[in-house]
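Reading through the structure tokens given below for one structure.
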2 protein chains.
Amino acid sequence: MVQNPSESPPQSEPFAADLLRGHTDTIVLGVLRGAESYGFEIYKTIRDATGGLYEIKEATLYATYRRLVKDGLVEASWGDETQGGRRKYYRITDAGRAVYAKNVQSWTATQRIINTLLNVKGGTP
Amino acid sequence: MVQNPSESPPQSEPFAADLLRGHTDTIVLGVLRGAESYGFEIYKTIRDATGGLYEIKEATLYATYRRLVKDGLVEASWGDETQGGRRKYYRITDAGRAVYAKNVQSWTATQRIINTLLNVKGGTP
DNA sequence: GGCTAGTAGTTGATCAGATACAGTAATAGT
DNA sequence: ACTATTACTGTATCTGATCAACTACTAGCC
């Protein structure tokens with residue numbers, strides 16, 4: 001979702017939230033593929049990775065975490081912050097890595113298909 | 001959705017229906033951008049454009065047509081088939097062309113963003 | 001005639017992902 | 001004390017996609 005950067009004129013068309021639907025799991029797995037992380041940090045990583053242009057809502061992400069844990073694609077455990085707030089850390093599992101690899105391929109195929117259907121010369125140059 | 005081409009082993013991971021979610025409108029507009037068409041023909045065009053690999057379900061498309069008409073992006077009218085079954089023809093409007101152009105840009109941006117988040121070298125080469 | 005398949009369009013119920021919204025709770029800065 | 005930020009959670013709702021039917025006409029086959 002496009003953030004309205006405070007002062008900028010609101011003529012920039014927001015891209016619909018649904019455009020990334022179905023990719024959230026893969027994106028989170030992609031973040032965790034590098035290193036383990038906790039919920040809020042993953043959120044910030046995603047937000048910052050696009051220069052603040054795009055944001056997946058916290059509620060969406062926490063729902064995603066739950067789903068990924070349920071499916072055995074990531075493992076969760078509470079950190080031992082003796083001081084400071086609790087953090088739940090997530091690690092990608094082998095199953096998660098496998099699904100990630102598969103999903104990246106699906107994503108590539110999806111791009112090809114949509115670009116074909118739209119007659120768009122696709123992708124990042 | 002991946003069609004299981006009859007005899008092929010079912011190891012091919014289907015890409016989730018949701019992966020193209022939000023793009024159906026744009027895809028239909030893209031088809032109509034070239035020439036007017038009727039419901040079932042649009043369905044076949046999309047199905048065939050990907051070599052049968054991908055299919056948007058008829059029910060999904062008819063819901064899409066209704067939405068596009070409601071939003072004024074296409075116009076509908078019954079053909080005058082004196083013999084044979086009825087066909088409802090769809091034409092893209094100027095508003096539809098504008099939305100199409102905008103959506104293609106959104107799609108391009110979306111690709112960039114996801115490719116960034118997944119660290120994928122993106123798109124069709 | 002009866003059967004099947006293909007074309008063409010439509011409806012109602014349901015699912016799942018994303019979001020809005022609200023809330024809890026702790027810490028750090030002023 | 002107040003406020004912002006960090007961090008996580010739960011409930012309700014929206015929407016697009018799909019399923020599973022259904023109507024209706026045409027053409028080919030036995």
Side-chain angles (χ1 to χ4, degrees), chain A residues 1-3 14-29 37-48 54-71 73-74 76-90 103 110 113-114, chain B residues 1-3 14-29 36-48 54-71 73-74 76-90 103 110 114:
Chain A
M1 194 151 291
V2 166
Q3 300 289 82
F15 30 106
D18 272 334
L19 292 190
L20 284 96
R21 189 185 251 251
H23 303 289
T24 309
D25 292 28
T26 311
I27 289 169
V28 170
L29 289 175
S37 187
Y38 59 91
F40 202 68
E41 192 180 46
I42 296 171
Y43 161 75
K44 286 182 293 183
T45 300
I46 294 172
R47 193 192 54 191
D48 297 347
Y54 179 77
E55 184 193 5
I56 301 177
K57 297 293 182 296
E58 285 176 73
T60 304
L61 285 175
Y62 285 108
T64 300
Y65 303 152
R66 254 175 274 141
R67 191 166 49 239
L68 291 174
V69 168
K70 195 194 65 187
D71 294 346
L73 306 186
V74 308
S77 59
W78 287 103
D80 54 352
E81 278 71 37
T82 41
Q83 40 64 273
R86 66 219 169 124
R87 290 173 174 171
K88 196 183 269 183
Y89 284 86
Y90 298 98
N103 286 1
T110 302
I113 288 173
I114 298 191
Chain B
M1 196 152 292
V2 166
Q3 301 289 83
F15 32 105
D18 273 334
L19 291 190
L20 284 96
R21 188 184 254 248
H23 303 289
T24 309
D25 292 30
T26 310
I27 290 169
V28 170
L29 289 175
E36 80 166 30
S37 186
Y38 58 92
F40 202 69
E41 193 180 45
I42 296 170
Y43 162 74
K44 286 183 293 184
T45 300
I46 294 171
R47 194 192 52 192
D48 298 347
Y54 179 76
E55 184 193 6
I56 300 178
K57 297 295 184 295
E58 286 175 73
T60 302
L61 285 174
Y62 286 109
T64 300
Y65 303 152
R66 250 176 278 139
R67 191 166 51 237
L68 291 173
V69 168
K70 195 195 66 186
D71 294 346
L73 307 186
V74 309
S77 59
W78 288 103
D80 53 353
E81 278 72 35
T82 42
Q83 42 61 276
R86 69 222 166 118
R87 289 174 175 172
K88 196 184 269 184
Y89 284 87
Y90 298 98
N103 287 0
T110 302
I114 299 191

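Hydrogens, waters and symmetry mates are skipped; everything else that's a heavy atom, side chains included, is used. Numbers restart at 1 for each chain; the letters A, B, ... are given by sequence-line order, proteins then strands.
Taking atom NE2 of residue A:His23 and atom P of nucleotide C:dA16, one finds them 18 Å apart after rounding to whole Å. The interatomic distance linking B:Tyr38 (OH) with C:dT7 (C1') rounds to 8 Å, in whole Å. Rounded to a whole Å, the CG atom of B:Leu61 is 15 Å from the P atom of C:dT11. Atom CD in B:Glu58 sits roughly 17 Å away from atom C1' in D:dG16 (whole-Å rounding). Look at CD1 on B:Ile42: it is 16 Å from P on C:dT7, rounded to the nearest Å. Between the C1' atom of D:dG16 and the CD1 atom of B:Ile27 lies a distance of 13 Å, rounded to the nearest Å. Rounded to whole Å, the distance from OH on A:Tyr43 to C1' on C:dT19 is 13 Å. Distance B:Trp78 CH2 to C:dT7 P: 18 Å, rounded to the nearest Å.
The side chain of B:Thr24 contributes an N or O atom lying less than 4.0 Å from OP1 or OP2 of D:dA17. Within the structure, a side-chain polar atom (N or O) of B:Arg67 is placed less than 4.0 Å from OP1 or OP2 of D:dG16. Between B:Tyr62 and C:dT11 there is no side-chain polar atom (N or O) within less than 4.0 angstrom of OP1 or OP2. The phosphate of C:dG17 (OP1 or OP2) has no side-chain N or O of A:Thr60 nearer than 4.0 angstrom.
Within the 4.5 Å cutoff, the side chain of A:Glu55 has heavy atoms near those of the A:Tyr43 side chain.
Heavy-atom distances to DNA chain C give each of B:Ala63 and B:Lys44 a nearest nucleotide, and the one nearer the 5′ end belongs to B:Lys44.
Between C:dA8, D:dG10, D:dT15, one nucleotide has an atom nearer to the side chain of B:Arg21 than all others, and that is D:dT15. Closest to the side chain of A:Lys57, out of C:dT19, C:dT11, D:dT15, is C:dT19. Nearest to the side-chain atoms of A:Arg66 among the listed nucleotides D:dT6, D:dG10, C:dA8 stands D:dG10.
Residues passing the side-chain contact (heavy atoms from CB on, under 4.5 Å) test with A:Ala76 are A:Val69, A:Lys88, A:Tyr90, sequence neighbours excluded. Residues passing the salt bridge (charged side-chain N to carboxylate O under 4.0 Å, His left out) test with B:Glu58, sequence neighbours excluded: none. By the side chain to side chain donor-acceptor pair (under 3.5 Å) test, A:Thr45 is found to be paired with no residue, residues two or more places apart in sequence or in another chain being considered.
In terms of heavy atoms, A:Leu68 sits closest to A:Val28 at CD1-CG1, 3.7 Å.
Going from atom CD1 of A:Ile27 over to atom CD1 of A:Ile56 covers 4.5 Å, rounded to the nearest 0.5 Å.
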Which side-chain N or O atoms in residues 59-66 of chain A pair as donor and acceptor under 3.5 Å with protein atoms at least two apart or in another chain?
unit_1  : atom_1 : unit_2  : atom_2 : d
A:Thr64 : OG1    : A:Thr60 : O      : 2.8
A:Thr64 : OG1    : A:Arg67 : NH2    : 3.4
A:Tyr65 : OH     : A:Gly39 : O      : 2.8

Give each protein N/O atom lying under 3.5 Å from an N/O atom of nucleotides 20-24 of chain D, with the pair distance.
none

